2 protein chains.
Amino acid sequence: MTIKDIAKMAGVSVAAVSRYFNGGSLSEEKREIIQKIVEENNYVPNAMAQTMRTGKSGNIGVIVPRLDSESFAQIMAGIADEVEKINYTVILGVTDNKKEKEIYYIEQMEKSKMDGIILMGTYMTPHLKTTLEKCLIPIVVTGQHFKGVPSVFYDDKSAMYDITKLMLKSKKHIAFIGAPSIDHAAGKMRKEGVEKALEEAGIDKKSLIAYESDFTIDGGYETMKKILKSHKKVDGVICATDRMAHGAMLAIREAGKNIPDDISITGVGDSWGDKISSPQLTTVQLYYKKCGQTAVNLLWGLMKGESDSHLISKVMLGYSIIERGSV
Amino acid sequence: MTIKDIAKMAGVSVAAVSRYFNGGSLSEEKREIIQKIVEENNYVPNAMAQTMRTGKSGNIGVIVPRLDSESFAQIMAGIADEVEKINYTVILGVTDNKKEKEIYYIEQMEKSKMDGIILMGTYMTPHLKTTLEKCLIPIVVTGQHFKGVPSVFYDDKSAMYDITKLMLKSKKHIAFIGAPSIDHAAGKMRKEGVEKALEEAGIDKKSLIAYESDFTIDGGYETMKKILKSHKKVDGVICATDRMAHGAMLAIREAGKNIPDDISITGVGDSWGDKISSPQLTTVQLYYKKCGQTAVNLLWGLMKGESDSHLISKVMLGYSIIERGSV
DNA sequence: ATTTAAATTGAAAACGATTACACTTTAGTT
DNA sequence: AACTAAAGTGTAATCGTTTTCAATTTAAAT
């Protein structure tokens, strides 16, 4: 069933049928007959042919490191939501945390005529930088603040500053289990937030007991064991992610210490697991879903070539501190 | 940069360039010169034009109820893995648990020339049934056993049978917090597994204290409160999902009871949260990722028109009982 | 040196839409 | 009634590929 068939059945030209769908001057009379035929035959224009002719695919490419991570899945959910609203389709690329795949997908998506790309950022590399610069279609990055690239990200530093201050109300000797520092947002910024709060409280940031771990429960667990062994005085642990915090809680409980009496602990993310541990985890809620939605809206502005989108091409999202029993 | 440009630069016909990419007889001499030009110009054929001409899009549509659910996200991850291996692309449709969207996406994906569809099943309706029957492109369903449709699903009944038997070793008065019975796999089958184990132990299945809840932590929590109030003798709770189990644990702890001494509890899913609750949750591990991968393989067979794929068009996945502290 | 078969080639016709262009009709003004 | 502007219409070119078909070249076999 092609536009030709419809045109023939309706007794009009293909141009008329095309105009029926895309708008263009068309008499009421013809509009009606075309509508009738289209509905009777349940005809929908072939998307591929449209793309080929117009150069617009109606597709938005989304590049994500992993899907089985609560934060990425939530951002993804927000993206899917919003993309549907503007009647576009999402094309998925999962990088499995491999930088070369990230670049591969960007190039691939550009070639296969995506109308826009959303990249869930991890960290910047020179190669990624040049790829991003070369990329001709609109692209927005989430979760990271890449210079020169439109992005939607969290106020990681302030969030950590706030939660650290909260902990400092009752505790003195703070340890920090951070994310890899190559990750600007989750690694570097979050640590800086902690340090800032510390300094403000008159504690030299050099004295901060800081470790880096790998986002996992096990990583948090092992790191906490180390801390417990070599820093007996620690009475508060700030973790850069919820999962690491839960791992650390395991280690603390295992050592026979009480949370929060002996040691307080905090995470980041407001995962569902935070409500089921005992005590429940005090954490910072980042608006993941909102992040995805915002990214689409920003991209949409870029795609439409709205002049002001280029000006407002960075948006920093807020957060909430969720106080529960672990502090 | 089109195939024409490349042809001109290489001094050959467009047909030759096309053959270079798609295989077809071509002299070594031409192959080399084309390769050189292609590489120099970093040329990649336009996917849309290819689709249009061949009718094959290289796309596999994946329809998922929600992304922010651990099980779906994991299945998705498995799908993405495998789809990449066969050099296809995944197109995403998120239904937000709405049946009409499910149907909409199936029809839409058929029209936009997906080469295959994977539907993460929830429950069957007459409308869905007819849509599935009308669908001309290969489709496979995951997580549910829909009659007449190729599917990959879990052995829900046996899994529940096993875990119930495990609980019956130490407990006598079992309650069951189930999923909505409209969901054949997570609702009906899981309950049947519990009942079967009960009967085998000489307990009339009619006497099973069974509630239905909604997959959420809160749902499990509220349901458990009801059970605690009206069925004081209950000493073991089987839950159809991990999240409900965790909600129930919350209620149990809140009531001042000890797990597992006073009441044992089990879930399904092996979520990451299971390791962080205290005690850790005994559960059944379903191979979600494997499920996604298998679905793609099955679909791939169907897409290639392998005769035997139609015969082996149902695959039932195994499971493991993970014993932890909650029983 | 022929003949025959096989491999290599390019021109041109699809694939299914959109749209520039030129032509008709209609409606609006004087 | 004559003229003009606007709205409605169809033809045909175009988007970037693949693939059929017929022609040509090469290789193998007699």
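Letters A, B, ... mirror the listed sequences (proteins, then strands); counts begin at 1. This is a predicted model, so every value here is computed, not measured.
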Asker: What residues form a side chain to side chain donor-acceptor pair (under 3.5 Å) with A:E29, not counting sequence neighbours?
Answerer: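 Here no residue qualifies.
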
Asker: Taking ring pair (Phe, Tyr, Trp, His ring centres under 6.0 Å) as the cut-off, I'd like each qualifying pair that reaches into residues 14-71 of chain A, sequence neighbours left out, listed once.
Answerer: A:F21-A:Y43

Asker: Measure CE/A:M48 against P/D:dT17 and give the value in whole Å, please.
Answerer: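 After rounding, the gap between these two atoms is 15 Å.
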
Asker: Quick one, B:K101 and A:E84 - any side-chain contact, counting heavy atoms below 4.5 Å?
Answerer: yes

Asker: The criterion is side-chain contact (heavy atoms from CB on, under 4.5 Å); which residues satisfy it with A:A185, sequence neighbours excluded?
Answerer: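 side-chain contact (heavy atoms from CB on, under 4.5 Å) check on A:A185 returns A:Q144, A:D156, A:D183.
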
Asker: Applying side chain to side chain donor-acceptor pair (under 3.5 Å), name anything that partners B:E82, two or more places apart in sequence or on another chain.
Answerer: B:K85

Asker: CD1 of A:I6 versus C1' of C:dT18: gap in Å, rounded?
Answerer: 16 Å

Asker: Return each pair, listed once, that meets ring pair (Phe, Tyr, Trp, His ring centres under 6.0 Å) where at least one residue sits in residues 101-120 of chain A; pairs must be two or more places apart or across chains.
Answerer: none

Asker: Kindly list each side-chain donor-acceptor pair under 3.5 angstrom involving residues 124-133 of chain A, sequence neighbours excluded, with atom names and distances?
Answerer:
{"from": "A:T125", "atom 1": "OG1", "to": "A:L128", "atom 2": "N", "distance (Å)": "3.1"}
{"from": "A:T130", "atom 1": "OG1", "to": "A:H127", "atom 2": "O", "distance (Å)": "2.9"}
{"from": "A:T131", "atom 1": "OG1", "to": "A:H127", "atom 2": "O", "distance (Å)": "2.7"}

Asker: Indicate, with a heavy-atom threshold strictly under 4.0 Å, whether A:F21 touches base, sugar-phosphate, or nothing.
Answerer: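 It contacts nothing in the nucleic acid.
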
Asker: Considering residues at least two apart in sequence or located in another chain, which fulfil the side-chain contact (heavy atoms from CB on, under 4.5 Å) criterion with B:Y88?
Answerer: B:I60, B:V83, B:I86, B:D115, B:W300, B:M303

Asker: Nearest whole angstrom, please: distance from the C1' of C:dC15 to the CE of A:M52.
Answerer: 7 Å

Asker: Nearest-Å distance, OH (B:Y20) to P (D:dG16)?
Answerer: 21 Å

Asker: Which whole-number value in Å describes the distance from A:K4 NZ to D:dA12 C1'?
Answerer: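 About 11 Å, once rounded to whole Å.
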
Asker: For A:I3 and C:dT19, give me the distance from atom CD1 to atom P, rounded to whole Å.
Answerer: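 Those two atoms, CD1 and P, are 11 Å apart.
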
Asker: Listing time: all N or O pairs from protein to nucleotides 27-29 of chain C that are below 3.5 Å?
Answerer:
none

Asker: Can you find a side chain N or O atom of A:Q50 that sits less than 4.0 Å from OP1 or OP2 on C:dG16?
Answerer: no

Asker: side-chain contact (heavy atoms from CB on, under 4.5 Å) with A:T294: which residues, sequence neighbours excluded?
Answerer: A:V152, A:K290, A:V315, A:L317

Asker: Is the distance between the ring centroids of B:F146 and B:F153 under 6.0 Å?
Answerer: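 Not under 6.0 Å, so no.
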
Asker: Could you name each residue pair satisfying side chain to side chain donor-acceptor pair (under 3.5 Å) that touches residues 46-69 of chain A, not counting sequence neighbours?
Answerer: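 The answer is A:R66-A:D68, A:S69-A:S71.
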
Asker: Atom CG of B:N46 and atom P of C:dC15: how far apart are they, to the nearest Å?
Answerer: 19 Å

Asker: Quick one: which of C:dA17, D:dG16, C:dT19 gets closest to the side chain of A:S18?
Answerer: C:dT19

Asker: Just report the end-to-end axis angle for the helix from C:dA1-D:dT30 to C:dT30-D:dA1, five pairs per end, to 10 degrees.
Answerer: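 Result, rounded to 10 degrees: 30°.
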
Asker: Classify the side chain of A:R53 versus the base of C:dT18 as yes if they form a donor-acceptor pair under 3.5 Å and no if they do not.
Answerer: yes

Asker: Could you check how far CG of A:N22 sits from C1' of C:dA20, rounded to whole Å?
Answerer: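 The distance from CG of A:N22 to C1' of C:dA20 comes to 15 Å, rounded to the nearest Å.
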
Asker: Answer yes or no: is there an ion pair linking A:K36 with A:E32, defined by an N-O contact shorter than 4.0 Å?
Answerer: no

Asker: For nucleotides 4-11 of chain C, tabulate all protein N/O to nucleotide N/O atom pairs closer than 3.5 Å, reporting atom names and distance.
Answerer:
{"from": "C:dT9", "atom 1": "OP1", "to": "B:S27", "atom 2": "OG", "distance (Å)": "2.9"}
{"from": "C:dT9", "atom 1": "OP2", "to": "B:S27", "atom 2": "N", "distance (Å)": "2.9"}
{"from": "C:dT9", "atom 1": "OP2", "to": "B:S27", "atom 2": "OG", "distance (Å)": "3.3"}
{"from": "C:dG10", "atom 1": "OP2", "to": "B:S13", "atom 2": "N", "distance (Å)": "3.2"}
{"from": "C:dG10", "atom 1": "OP2", "to": "B:S13", "atom 2": "OG", "distance (Å)": "3.1"}
{"from": "C:dG10", "atom 1": "N7", "to": "B:R19", "atom 2": "NH1", "distance (Å)": "3.3"}
{"from": "C:dG10", "atom 1": "O6", "to": "B:R19", "atom 2": "NH2", "distance (Å)": "2.6"}

